Amino acid sequence: MKSRVIGTVLFGFGVLALVFAGGLAFVVAPSAAQLPYDMELTQSVAEASNARFMQITNGQVVVNSGTLRSTVTVQPDAGSTAKLSGDLDGTALVWVAGQQVQRTDTSDLVSAYSTSLAVDRKSGAAQDWTGQWLDTGGEREAVKYSGQVYKFPFGTEKKTYQIFDRDILAAKDAVFVKTEEIQGLETYQFQQTLTDETQNVPADRLSVILGALLPGATDGSVKYSNVRTVWVEPKTGAYIKVQEQQKKQLVSTDGRSVDILDANFAYTDETVKKSADTAKANVSKLNLAGVWGPIGLAVLGLVLAIIGGILVTRSGKPETVAVPGQWAGTPRHAAKEDDDEAETTQVTSDKA
């Protein structure tokens, strides 16, 4: 009876462990592979040494040289996220992001922008949301985001994705190049090449820089090229390293031109390490929820269920009953024949 009780309990715990394994694999793991509503503010820093750049100070437009530092900050907007409706409710997250580019020698601000957008919690891709905006000069303007903006999907694949470029307000192809190990992580390298694109510059601002850098020019445009390379940790879609080779040229309709930006930005070593450490921690959580946890519980559940089943089965078998005066395991009928024979012998002896 005791074996039957223990076996039943073990079998029950085994089944329960198998249920939990399925729950981890099919419920918890998919939920873990998406952006959390309470995600923390993230910040990445890139620097470009020996850069050539246009700078406007007190209304004076000049082209300077030096080292630039770009700081990009991304944080969740809980209030706007809570107001999402329709298909975006529960599937998207609103971010408020911004960038500041400064000279490292004087800390002067060279350029800046702020923006708000909604991204899918699983793919990280920008969503069609009426509340998105972009501010590059003190006034919010309408913008339509698409493609990847600040991260790649959970479960990034070795294929072509589109990355949104803020200077041309469009998403362009970023092709998979190769895998590369960074800080002990396997990353996927993607590259986006933009050549002689036309940057969106407000007419009043364009007029000012034309008059300062190309006197006499009445009209023109800013031509923009960039080779953007990103190294992505595939399980989380997080950027581990980013490098951009940016060039901008002010071109007037009369054929004259001047370089207003020539800079190679790359994540600082500190940002790369911080990004890698964060990605490692998140990969461990995903593996625990989606791989090792379910496997461990499944194995434990099977072992407990098998042991419990064996104990229950064995406890149900009839036990052999030993008859006094006989060897254990001797059949009852054999013992009875011995007794009859002994009785017959005794009767014969008495008659003699």
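Keep in mind it's a predicted model, so treat the numbers as computed, not measured. Note that these values count all heavy atoms, side chains included, but never hydrogens, waters or copies made by symmetry.
At a threshold of 4.5 Å between non-hydrogen side-chain atoms, the residues Val63 and Arg52 count as touching. Using a 4.5 Å heavy-atom threshold, the side chains of Leu117 and Gln127 count as separate. Using a 4.5 Å cut-off on side-chain heavy atoms (C-beta onward), Val258 and Ile260 make contact. For the pair Pro234/Phe152, no side-chain contact is recorded, criterion being any heavy-atom separation below 4.5 Å from C-beta on. For the pair Tyr239 and Trp231, the minimum side-chain heavy-atom distance is 4.5 Å or more.
Cluster partners of Ile168, by chain and number: Leu194, Tyr224. The rule joins Ile, Leu, Val, Met, Phe, Trp and Tyr whenever side-chain heavy atoms lie under 4.5 Å apart.
Figure legend: cation-pi geometry between Lys178 and Phe176 absent, as NZ or CZ is not positioned both under 6.0 Å from the six-membered ring centre and within 45° of its axis. Cation-pi contact between Arg121 and Tyr37: present, with separation from the ring centre below 6.0 Å and deviation from the ring axis of at most 45°.
Between Phe154 and Leu35, the shortest heavy-atom contact is CE1-N, 3.6 Å. For the pair Ala212 and Val61, the tightest heavy-atom approach, listed with the atom from each and the gap, is CB-CB, 3.6 Å. For Ala174 against Phe190, the heavy-atom pair with the smallest separation is O-CD2, 3.9 Å. Taking both residues in full, the closest heavy atoms of Ala97 and Val74 are given as CB-CG2, 4.0 Å, listed atom of the first, atom of the second, then distance.
For Asp254, the CG atom is densely surrounded, since the number of other residues' heavy atoms within 6.0 Å is greater than 12.
Asp259 contributes no side-chain N or O that, together with a main-chain N or O of Leu261, makes up a donor-acceptor pair within less than 3.5 Å. Here the side chain of Lys235 pairs no donor or acceptor atom with the backbone of Ala279 at under 3.5 angstrom. A donor-acceptor contact shorter than 3.5 Å is absent between the side chain of Thr253 and the backbone of Gly220. Judged purely by atom type and a 3.5 angstrom limit, Gln60 has no side-chain atom pairing as donor or acceptor with the backbone of Thr57. In this structure, Thr268 contributes its side chain and Thr271 its backbone to a donor-acceptor pair below 3.5 Å. Judged by distance alone, the side chain of Gln100 and the main-chain N or O of Ser111 form no donor-acceptor pair under 3.5 Å. Distance alone, capped at 3.5 Å, is enough to place a donor-acceptor pair between the Arg256 side chain and the Pro215 backbone.
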Trace of the salt bridge (Lys or Arg N to Asp or Glu O under 4.0 Å) decision for Asp277 with Lys273: CA-CA 6 Å; Asp277 289 344; Lys273 184 179 185 307; 2.9 Å; yes

Could you check Leu68 against Arg103 for side-chain contact (heavy atoms from CB on, under 4.5 Å), going step by step and ending with a plain yes or no? CA-CA 5 Å; Leu68 298 176; Arg103 295 180 57 164; 4.2 Å; yes

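Side-chain N/O atoms of Glu233 and Thr187 include no donor and acceptor closer than 3.5 Å. Side-chain contact annotation: Thr42 with Tyr150, donor-acceptor N/O pair under 3.5 Å absent. Between the side chains of Gln43 and Thr73, at least one donor N or O sits under 3.5 Å from an acceptor N or O. For Gln75 and Trp95, the side-chain atoms include no donor-acceptor pair closer than 3.5 Å.
A salt bridge links Lys248 with Asp167; the closest basic N to acidic carboxylate O contact falls under 4.0 Å.
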